2 protein chains.
Amino acid sequence: MSVTLKQLAASLGLSPTTVSRALNGFPEVNAATRERVKKAAERANYHPNTRAKSLATGRAQAIGHVIPASTSHEIVNPIFADFIAGAGEIYSQSGYEMILRVVADDDEEHAYGDLMARGAVDGVIVHGPRTDDRRVALLAELGVPFLVHGRTSAANAPYSWLDINNQRSFRRATQFLLDFGHRRIALVNGLEAMDFAARRRAGYLEALAEAGILPDPHLMRQAPMTEPYGHRAAQEMMQLPDPPTAFMASSMIVAYGLRRGLSDMGLKLGRDVSIVTHDDELSYLPNEGDVPMFTATRSSVREAGRRAARMLLTLVTQPGSGPLTELMETSLVLGASTGPAR
Amino acid sequence: MSVTLKQLAASLGLSPTTVSRALNGFPEVNAATRERVKKAAERANYHPNTRAKSLATGRAQAIGHVIPASTSHEIVNPIFADFIAGAGEIYSQSGYEMILRVVADDDEEHAYGDLMARGAVDGVIVHGPRTDDRRVALLAELGVPFLVHGRTSAANAPYSWLDINNQRSFRRATQFLLDFGHRRIALVNGLEAMDFAARRRAGYLEALAEAGILPDPHLMRQAPMTEPYGHRAAQEMMQLPDPPTAFMASSMIVAYGLRRGLSDMGLKLGRDVSIVTHDDELSYLPNEGDVPMFTATRSSVREAGRRAARMLLTLVTQPGSGPLTELMETSLVLGASTGPAR
DNA sequence: GCGCCAATCCAAAGCGGTTTGAGTAATGGA
DNA sequence: TCCATTACTCAAACCGCTTTGGATTGGCGC
């Protein structure tokens with residue numbers, strides 16, 4: 001079905017060695033010969049067999065992504081698709097393959113070691129780190145090049161990660177609401193076992209503390225970030241004796257839920273009640289225009305995917321390039337969902 | 001770093017042949033020996049090198065998925081993540097790897113041939129088929145085992161696909177609205193170059209025709225399925241001299257947009273205006289409860305992913321098992337978003 | 001005691017590339 | 001004219017596994 005190097009060499013009356021070198025740009029091959037080989041390869045639609053190549057070179061030319069399968073998890077979420085898309089762009093450009101493994105929750109740790117032991121990948125990206133996540137220590141021990149999308153507190157040594165500044169981001173957004181006179185600010189967060197959610201909470205609490213406001217447990221929630229979750233949070237919190245005048249949401253999806261809950265009660269965003277959300281710039285949930293619908297802390301998760309991929313590739317190709325870290329700042333965009341406290 | 005078969009064999013005083021056969025369950029190896037080998041393999045944390053294995057066997061033990069990278073496209077959408085998750089489950093169970101390629105739009109066709117020629121995969125799944133899609137003919141010509149998620153009209157020979165019955169689904173949903181007395185029914189569709197959208201449109205038109213209603217171009221829209229798209233459609237259509245009393249939406253996301261647009265105008269779903277949407281059962285956009293928020297044609301895209309993977313695997317492992325096709329019916333679930341026409 | 005067969009195990013040849021270590025022809029300098 | 005280079009090209013080994021085609025051994029029937 002497909003041509004092999006040997007066949008190609010035979011058809012040219014050359015040795016496999018020469019053909020290989022011609023195609024891989026080695027200097028010791030005659031320019032004329034190289035041209036001839038390249039033409040022939042083109043014509044025969046020759047593509048080197050990936051497996052043979054990586055067997056011979058010892059490099060897999062592939063990066064692994066492991067995602068837990070359970071539906072109860074935060075991570076099979078829209079974020080994931082965009083991040084993957086961003087990372088995939090870079091892999092394609094760099095001649096790397098992306099291999100994705102969907103595994104049951106408890107097999108997750110095992111999956112990384114397995115991928116590496118089988119020589120299937122040169123490095124892995126860790127998704128959805130939890131505050132207390134054993135994977136980082138595990139991977140460090142295995143000696144696998146890896147990069148974490150996010151961070152964790154459970155590492156006992158420096159490691160490579162790419163994260164957004166969740167804490168500062170939410171602190172600043174909370175301050176923004178405080179400046180508008182809001183004092184009852186709700187936090188509708190993702191599961192706080194997830195590192196990103198814990199950091200957002202920390203930023204929120206920090207801003208409240210600075211303003212001398214005691215956090216109210218009734219105004220803080222955590223759960224997987226679905227639309228109905230946001231809806232319920234809005235409904236229930238607004239029925240409190242002392243309801244919030246503003247909400248912080250951990251994702252656009254949750255914010256949509258909040259919005260629906262509030263509008264069901266006849267409340268208008270920006271006038272009666274305010275919302276600030278985090279916006280990952282997902283392609284099908286754009287928050288754009290002259291005046292975006294939501295005031296938001298914004299950061300493109302697709303761009304994060306691109307950067308993460310680039311970082312991991314340098315870790316892979318330049319061993320010992322040490323732990324690489326990058327903290328992306330978010331921007332605070334002003335939208336129609338915020339206004340002064342009533 | 002990792003043990004090889006040869007090393008393992010040496011440490012046991014056996015030949016690689018015997019160790020290989022012992023681990024792969026061949027009958028001609030002594031039961032005691034097999035046990036001994038298995039124990040040793042376990043202890044040494046031996047995992048056969050995937051690349052070497054597939055080089056030797058000629059099977060890649062991997063399935064390819066190609067997704068176009070452009071943001072303008074329908075396909076980098078939430079659907080994709082859930083479908084992948086479903087398919088990935090099956091691959092993991094079956095010992096297959098999933099390799100994902102994100103490519104620029106115009107490289108898409110090339111990517112399939114490339115994957116196969118390099119021997120990187122045993123088969124591919126085609127995502128987001130368009131009404132007129134050259135990929136199917138291309139792949140058939142290449143002799144690659146493939147399965148289409150959806151269908152296309154551009155095939156000149158039978159091919160394997162898994163699809164939901166979009167046409168019947170939308171026809172039935174439209175009839176449902178007609179039965180409620182609606183006569184002005186809008187269609188807020190995905191891009192109709194996409195096969196699924198074209199079929200939904202056909203179903204919608206069919207139902208209208210049966211009821212003797214002439215379709216009104218002002219009530220039919222197509223675009224990438226974002227939330228703002230739904231919002232705008234609702235706003236603009238409701239300002240028509242003769243506005244619709246009901247909407248058909250192609251996805252939950254669009255339905256959310258419609259809902260927001262309508263509620264902005266003080267209209268209540270199910271009372272003032274009706275919506276029926278298609279619901280892919282995405283995990284973070286659940287449409288559940290005793291009375292779901294939206295009346296919907298429902299079908300789990302995650303389950304579709306599982307089935308598609310199973311089908312492709314049989315195509316791969318049993319060559320000549322002929323074109324396999326499956327048409328999944330959707331269920332019509334009644335929610336709070338529909339009511340009699342006013 | 002001999003031949004035959006089943007039960008085990010192994011050496012060696014690939015799979016399709018890369019890479020090391022030479023070999024050959026042409027070139028240039030003395 | 002001869003030798004040392006330089007420029008190309010190639011044969012063979014290897015990557016880690018599977019698989020073909022024996023080789024060896026012991027038990028069994030006669």
Side-chain angles (χ1 to χ4, degrees), chain A residues 1-38 40-41 44-62 95 97 114-122, chain B residues 1-38 40-41 44-62 95 97 114-122:
Chain A
M1 159 156 176
S2 50
V3 206
T4 72
L5 211 187
K6 204 181 294 181
Q7 294 169 345
L8 185 63
S11 80
L12 282 164
L14 288 171
S15 76
T17 310
T18 305
V19 175
S20 170
R21 310 205 121 150
L23 293 174
N24 290 319
F26 281 61
E28 62 263 60
V29 46
N30 189 306
T33 311
R34 187 192 304 279
E35 266 319 294
R36 202 157 65 90
V37 171
K38 281 193 169 174
N45 192 31
Y46 169 76
H47 292 277
N49 184 302
T50 325
R51 302 185 307 249
K53 185 164 193 161
S54 64
L55 220 210
T57 59
R59 279 163 288 134
Q61 295 286 99
E97 221 69 79
D114 188 72
L115 275 174
M116 286 302 295
R118 306 190 110 90
V121 301
D122 294 324
Chain B
M1 158 156 178
S2 50
V3 207
T4 73
L5 213 192
K6 203 182 295 182
Q7 294 169 344
L8 185 63
S11 80
L12 283 164
L14 288 170
S15 77
T17 310
T18 306
V19 175
S20 170
R21 310 205 120 149
L23 293 174
N24 290 320
F26 282 62
E28 63 264 58
V29 47
N30 189 305
T33 310
R34 187 192 304 280
E35 265 319 293
R36 203 158 63 89
V37 171
K38 281 193 170 174
N45 191 31
Y46 168 75
H47 291 277
N49 184 302
T50 326
R51 302 184 308 247
K53 185 166 193 162
S54 64
L55 221 210
T57 58
R59 279 162 289 136
Q61 295 286 100
E97 221 68 80
D114 187 72
L115 275 174
M116 286 302 295
R118 305 190 111 91
V121 299
D122 293 323

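None of these values were measured; they are calculated from a predicted model. Keep in mind that the numbers below use all heavy atoms, side chains included, and drop hydrogens, waters and symmetry copies. Residue numbers start from 1 in every chain, and the chains themselves are labelled A, B, ... in the order their sequence lines are given, proteins ahead of strands.
Position along DNA chain C of the nearest nucleotide to B:P16 versus A:N24 favours B:P16 as the more 5'-ward residue. Where B:N49 and B:R21 meet DNA chain D, the nucleotide closest to each residue was compared, and B:N49 sits on the side nearer the 5' end.
Reading DNA chain C from its 5' end, the first and the last nucleotide to sit under 4.0 Å from a heavy atom of chain A are C:dG16 to C:dG21.
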Exercise. So B:K53 and B:N24, side-chain contact (heavy atoms from CB on, under 4.5 Å) or not? Walk me through it.
Worked result: CA-CA 12 Å; B:K53 185 166 193 162; B:N24 290 320; 4.1 Å; yes
Problem set entry | Full working for side-chain contact (heavy atoms from CB on, under 4.5 Å) between A:L8 and A:T4 | CA-CA 6 Å; A:L8 185 63; A:T4 72; over 6 Å; no
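Counting to the nearest Å, the P atom of D:dT19 and the NZ atom of B:K53 are 9 Å from each other. Residue B:L5 contributes atom CG, which lies 16 Å from atom C1' of D:dC14 at whole-angstrom precision. We find that CD of B:Q7 is positioned 10 Å from P of D:dC15, with the value rounded to whole Å. As a whole-Å value, the separation of A:L23 CG from D:dT9 C1' is 15 Å. Atom-to-atom, CZ of A:R59 to C1' of D:dC15 comes out at 13 Å; the value is rounded to the nearest Å. One atom, CD of B:E28, and another, C1' of D:dG22, lie 13 Å apart when rounded to the nearest Å. Rounded to a whole Å, the CZ atom of B:F26 is 15 Å from the P atom of D:dC17.
When only modelled atom types and interatomic distance are considered, A:T17 and A:S20 share no side-chain donor-acceptor pair under 3.5 Å. Using modelled atom types and a 3.5 Å distance limit, the side chains of A:S54 and B:R51 yield a donor-acceptor pair.
Here the closest non-hydrogen pair linking B:M116 and B:V121 is SD-O, 3.3 Å. Considering all non-hydrogen atoms of both residues, B:A120 and B:A62 come closest at O-CB, 3.6 Å.
When heavy atoms are screened at a 4.0 angstrom cut-off, A:S54 is found touching no nucleic acid atom at all. Among the heavy atoms of the strands, none lies under 4.0 Å from A:R51. Within the nucleic acid shown, A:T17 comes within 4.0 Å of at least one base atom, counting heavy atoms only.
Within the 4.0 Å cut-off from OP1 or OP2 of D:dG16, not a single side-chain nitrogen or oxygen of B:Y46 is found.
With respect to A:V37, the side chain to side chain contact (heavy atoms under 4.5 Å, CB included) criterion is satisfied by exactly one of A:N30, A:V29, A:L14: A:L14.
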